[in-house]
Amino acid sequence: MSTLAAAAQPLASSAAPLAANLVQSVDWLAIAPPTLAAIVGLVVLVADLFVGERRKPLLGWVSVTGLAASLLLLLPLLDGDRSTFCLTGDADVCSYAADRFTLVIQFLVLGGALLAALLSVTTLKDADKRLPEGEYWFLLLSSAAGAALLPASRDLATLVVALEVASLPAFALVGIRHGDRKSSEAALKFFLSSVTATAVSLMGISFVYASTGTLYLTQIADRIQNVDEQLHTLAQTGVVLTLVGFAFKTAAVPFHFWVPDTYVGAPLPIAAYLSVVGKTVGFSGLILVTVVALPSYADVWGPALATLAALTMTVGNVGALRQQATRAYSAVRLLAWSSVGQAGYLLVPIAAAAYSDDAERSVGSTVAYALMYAAVNLGAFAVAALVGRTRVANRITDYRGLYATNPLAALLLAFFLLCLAGLPPGIIGLFAKVTVFSAAVDAGLGWLAVVMAVNVVIALFYYLQWTTLLFRAPEGEPAAHRVPAPLTAALALTGVLGVALSGAPQLVLRFTDTGLF
């Protein structure tokens, strides 16, 4: 026994320093925004077991408050860059970074989730208990927490986990209406296509890891430049396959086919959430993988993203142009195809970063455009939710004469559509498009700028067609649109943000400095 004890003492003494080296300090303030959203989600899920049916609406207001508090927690992080979960031997290599890029994307994600939550309060009330409230709010908050975690991820493992935490609850939210065949089909199509894309992306990540021996983005950027010649093809294949998963999340063509049916089948606030938060998650992940982790492979992902951008904006705008105004859910379908077209514009600066000497400025153009798009697209969905309360089919023709029954809603929708089209008085939309256009021209992608200009003209037709319909004389008995308080708040927030940015578009320039480099 004494011999065994003597032998065990050196092992114990050597294990103690090893264990100490594995302990990482946690910056709780840096991780507070996504953490609070996750905690509130768990609180809502547990509280749902003990709250009576009459008090279920309180869960919605708790969720809205939690998302608002998560947004406020971004303020203490503005004083400088923070990072946590770092390697003990190298404090500069971390899994989580709360830099400027992270904070801007988290603002977009949590702000978009907050507006979707405000729309959801009214939707759940109108559903009259046909939607399970506790599960709904838990899934929305869980997805928002994953979406807020993703832009802070600085290694591929955390990136994939965050991406799936953001996506898996979204599948359930799309199909949460029990007994609704349209909703179930949309959720199944969304799930199967997403799982396939994720599997392909994970294979690509495994190839990148096999080539470099690390999952940290900054280390990958250093090591992949000196990959052994025998592993060069493996690394290139890994880069291409990794892009597939993020191309799906951004709804880039040809990975866009799930979008129209998913938006129509999902509750309208979830369609709004996917159009903004889901898209922002995909683009932020794409930026981290390409510009941060794989800048030396710009000759691979640059042309690929430029081609995807041209295809996406063209297919999206042509699809929106072909929508029949009298078809059921044509308004939602038009917004869905429009979001595909907008995704093409968002891809342009990322592709330009491969050819530009100032990649940070190119990436900043995408972030600035995403800010404009988030505000006005959520506003358009808010008006669609308002009209959908009395016109369940939500056809484009249902908006005819909206100005006669609800002038403010009609003016706001007209403003949002003009912003998306890039026409005055939607100055912020024009400014954002010019920013993206200049990023393509400065990078030498003149052909892509021409494709974008043609698509802007195509989009003008269907946006203006919908806008003029709002001010025509209504057919038949006009439907009165009563605006509940949560819906009023969502319309007010998006309207104020859109008008403020149109009045001072130079504010968007502040987001061109992402702090990624």
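On a predicted model such as this, the values are computed, not experimentally measured, just so you know.
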Evaluation steps, side chain to side chain contact (heavy atoms under 4.5 Å, CB included), between Tyr462 and Gln323: CA-CA 9 Å; Tyr462 63 81; Gln323 294 307 304; over 6 Å; no
Start with the C-alpha distance between Leu288 and Leu217, add both sets of side-chain angles, then the distance that settles side chain to side chain contact (heavy atoms under 4.5 Å, CB included), and finish with yes or no. CA-CA 8 Å; Leu288 290 173; Leu217 302 183; 4.0 Å; yes
Any chance you could lay out the side chain to side chain contact (heavy atoms under 4.5 Å, CB included) test for Val376 and Thr494, step after step, and finish with the verdict? CA-CA 6 Å; Val376 300; Thr494 52; over 6 Å; no
Using side chain to side chain contact (heavy atoms under 4.5 Å, CB included), reason through Trp258 and Ser194 one step at a time and then give a plain yes or no. CA-CA 9 Å; Trp258 57 274; Ser194 179; over 6 Å; no
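A donor-acceptor contact shorter than 3.5 Å links the side chain of Ser502 to the backbone of Gly498. Remark: side-chain polar atoms of Thr218 are not paired, donor with acceptor, to backbone N or O of Ala293 under 3.5 angstrom. Side-chain N or O atoms of Asn394 include one that pairs as donor or acceptor with a backbone N or O of Ala384 at under 3.5 Å. Within the 3.5 Å criterion, the main-chain N or O of Ala343 finds no donor-acceptor partner in the side chain of Thr312. Using modelled atom types, one side-chain atom of Thr366 and one backbone atom of Leu346 make a donor-acceptor pair closer than 3.5 Å. Side chain of Arg177 to backbone of Gly265: a donor-acceptor contact under 3.5 angstrom is found. A distance-only check finds a donor-acceptor pair linking the side chain of Tyr373 to the backbone of Ser275 [under 3.5 Å].
Checked options Leu411, Leu469, Val387, Leu386; the residue passing with Leu402 is Val387 (criterion: side-chain contact (heavy atoms from CB on, under 4.5 Å)).
By the 6.0 Å contact criterion, NZ on Lys125 is open, its count of non-hydrogen atoms from other residues, nucleotides or ligands being 12 or less. More than 12 heavy atoms of other residues, nucleotides or ligands shown are found within 6.0 angstrom of CZ on Phe248.
Judged purely by distance below 3.5 Å, without hydrogens or angles, the side chains of Tyr345 and Asn317 pair a donor atom with an acceptor atom. Defined by atom type and a distance below 3.5 Å, a donor-acceptor pair is present between the side-chain atoms of Thr102 and Arg154. Residues Ser143 and Tyr273 have side chains that bring a donor and an acceptor to within less than 3.5 angstrom of each other.
Considering CD of Glu135 and CG of Leu45, their distance stands at 7.0 Å, rounded to 0.5 Å. Taking CG from Leu110 and CG from Leu72, the interatomic distance works out to 10.5 Å, rounded to the nearest 0.5 Å.
At least one side-chain heavy atom of Met313 sits under 4.5 Å from a side-chain heavy atom of Val348.
The nearest pair of heavy atoms linking Pro269 to Thr123 is CG-OG1, 3.2 Å. Across Leu59 and Gly134, no two heavy atoms sit closer than the pair CD1-CA, 4.0 Å. In plain terms, the two heavy atoms of Pro151 and Gln106 that are nearest each other are CG-CG, 4.0 Å. Contact between Val291 and Ala353 at its shortest, heavy atoms only, is CG2-CB, 4.1 Å.
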Can you give me every donor-acceptor pair (side chain of residues 28-40, partner residue at least two apart or in another chain, under 3.5 Å) with its distance?
unit_1	atom_1	unit_2	atom_2	d
Thr35	OG1	Ile31	O	2.6

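Legend: residues meeting side chain to side chain donor-acceptor pair (under 3.5 Å) with Gln342, ordered by chain and number and at least two apart, are Tyr369, Tyr463. Judged as a ring-ring contact (aromatic ring centres under 6.0 Å, His included), and not counting sequence neighbours, Tyr329 has no contacts. For Asp261, the side chain to side chain donor-acceptor pair (under 3.5 Å) criterion is met by Lys189, Arg333, not counting sequence neighbours. Among residues two or more places apart in sequence or in another chain, the ring-ring contact (aromatic ring centres under 6.0 Å, His included) test is passed with Phe171 by Phe190, Phe191. Residues forming a salt bridge (charged side-chain N to carboxylate O under 4.0 Å, His left out) with Arg395 (at least two apart in sequence, or on another chain): none.
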